[in-house]
K.L.:
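Just dropping this structure here.
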Amino acid sequence: MGRRQNDPEATHCSPLVLLLVGLASCALVYAALCVVLKPNEASSFSELESLELVEEGGGVGVEGESGGCCRGTENLELWGAAVKWGSEFKFNSSEQCCKACKAMCTGTDGPCLCDSWVFCGNKEACGSKFGECWLKKQKDTLAPERQEVGETVSWTSGLIFGRGEGIVGLETKYGTLHIKLFPDCAPHSVAYILELLALRHCAGCQFYRAERRGPSWDSEGNHIKNAPFGPPFALVQGTLDAQGVIVKKIPTEVCPTIRRGSVAWIGSGPEFFISLANHEEWKKEYTVFASVLPEDMNIAEKIAQLPTTADVWNSINVSVLEKPVPLFLRRMKTSHGDLTANMKSN
């Protein structure tokens, strides 16, 4: 039976109820203050969310769709402090070696214990070293140390960027586009970007084509049913053909479906584009070597809104910027230091 509020028993219990309510209120106020008074919590969580979107798929990354990339560069031996000795650590394939390195890079933030791997997979050339998998730590992942490179080198090597690492900036007058590189999916492409970084300039690099999303895609980059696929084609296009650099043909690497934020080569480069939308209709035709962090996509959208003139390329209507936008490659993170300075190297 329910009690009426003026029952004697209810009156006797009211001080206890008021005390409990007061304690609960104090707890809620304390919790709210804790959130407000932690200045780094919100910003670090936001950065972590952005990196998770890029690194774990989230509509813009590579690995989420392909099930994980583990590629390396043949005829290349990276140097560095060893965290696993290859003479005691052997596998049947470079992919297994790469995955072993990735397994040591599962933290939520910061540098990895292993950020590079070296595998010897040619039976004849490797001899007794066949199957050796050396897991290493670079002093600077954006400038890895090379021991040997060339056709006579029997090693295959690869890089692994940890959460918050491998991010470079495409700096423009409208803001800096931070892009996360995918060395395990597109090692040759990333090697070219790192070569440009070492120059400390990118004379000649620029955006020259800009096409907004128009009515065909929503703000999240999703195609609107029954809408045309362009023009406009929802992208900004440019070149990373820097003066003073001999551009070698970049081989086709991992080609996932283009998503909003994907950074991909046109053909073998150095022409590239940043997609403003999801382009399932393009199938899997372009090597994706990086992705723009979600919070910087507004800069790409800003460039897409700049004045353009109409042109026709190979029977396709395009929009060319009236004034090309110069861009510069910038390092966004310094080295975290060598965490394994006292470990041995092969």
K.L.:
If the condition is ring-ring contact (aromatic ring centres under 6.0 Å, His included), which residues does Phe91 pass it with, not counting sequence neighbours?
P.N.:
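Phe91: ring-ring contact (aromatic ring centres under 6.0 Å, His included) contacts with Phe89.
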K.L.:
Does the distance from Cys69 SG to Cys185 SG come in under 2.5 Å?
P.N.:
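In this structure, Cys69 and Cys185 share a disulfide.
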K.L.:
Could you name each residue pair satisfying disulfide bond (SG atoms under 2.5 Å apart) that touches residues 136-182, not counting sequence neighbours?
P.N.:
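Every candidate disulfide bond (SG atoms under 2.5 Å apart) pair involving residues 136-182 fails, so no pair, neighbours aside, qualifies.
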K.L.:
Partners of Leu197 by side-chain contact (heavy atoms from CB on, under 4.5 Å), sequence neighbours excluded?
P.N.:
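Testing Leu197 for side-chain contact (heavy atoms from CB on, under 4.5 Å), a comparison that skips the adjacent residues, returns Leu142, Val168, Leu194, Leu329, Arg331.
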K.L.:
Under 3.5 Å, side chain of Gln138 to main-chain N/O of Glu145, donor-acceptor pair present?
P.N.:
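Pair found, side chain donor or acceptor close to backbone of Glu145.
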K.L.:
Would you list the pairs meeting salt bridge (Lys or Arg N to Asp or Glu O under 4.0 Å) in which at least one residue belongs to residues 206-215, sequence neighbours left out?
P.N.:
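For residues 206-215: Arg209-Glu211, Arg213-Glu301.
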K.L.:
Using side-chain contact (heavy atoms from CB on, under 4.5 Å) as the criterion, list what pairs up with Val320, not counting sequence neighbours.
P.N.:
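Expected list: Thr309, Asp311, Trp313, Val318.
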K.L.:
With ring pair (Phe, Tyr, Trp, His ring centres under 6.0 Å) as the rule and sequence neighbours excluded, what pairs involving residues 111-130 come up?
P.N.:
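Matches after skipping sequence neighbours: none remain.
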K.L.:
Got a sec: does the CD of Glu151 have more than 12 other heavy atoms crowding it under 6.0 Å?
P.N.:
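Not more than 12 within 6.0 Å, no.
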K.L.:
Listed by chain and number, what are the side-chain contact (heavy atoms from CB on, under 4.5 Å) partners of Asn122, not counting sequence neighbours?
P.N.:
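Scan of Asn122 (side-chain contact (heavy atoms from CB on, under 4.5 Å), adjacent residues dropped) gives Glu124, Ala125, Cys126.
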K.L.:
Under the ring-ring contact (aromatic ring centres under 6.0 Å, His included) rule, collect the residues that match up with Phe207, sequence neighbours excluded.
P.N.:
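If we apply the ring-ring contact (aromatic ring centres under 6.0 Å, His included) test to Phe207, skipping adjacent residues, the hits are Phe272.
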K.L.:
Could you give all pairs that pass the salt bridge (Lys or Arg N to Asp or Glu O under 4.0 Å) test and reach residues 217-240, with sequence neighbours left out?
P.N.:
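Qualifying pairs: none.
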K.L.:
Hydrogens and angles aside, do Glu165 and Thr141 bring a side-chain donor and acceptor to less than 3.5 Å of each other?
P.N.:
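No, no side-chain donor-acceptor contact under 3.5 Å.
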K.L.:
Any pair with a residue in residues 241-256 that passes side chain to side chain donor-acceptor pair (under 3.5 Å), sequence neighbours left out, goes on the list, sorted by first then second residue, please.
P.N.:
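Of all non-adjacent pairs touching residues 241-256, those that pass side chain to side chain donor-acceptor pair (under 3.5 Å) are Ser189-Glu253.
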K.L.:
Using the test ring-ring contact (aromatic ring centres under 6.0 Å, His included), find all partners of His223 that sit at least two apart in sequence or belong to another chain.
P.N.:
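By the ring-ring contact (aromatic ring centres under 6.0 Å, His included) rule, His223 matches Trp217, Phe229.
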K.L.:
Could you pull out all residues at least two apart from Ser87 that satisfy side-chain contact (heavy atoms from CB on, under 4.5 Å)?
P.N.:
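For Ser87, the residues satisfying side-chain contact (heavy atoms from CB on, under 4.5 Å) (neighbours in sequence not counted) are Trp85, Glu132.
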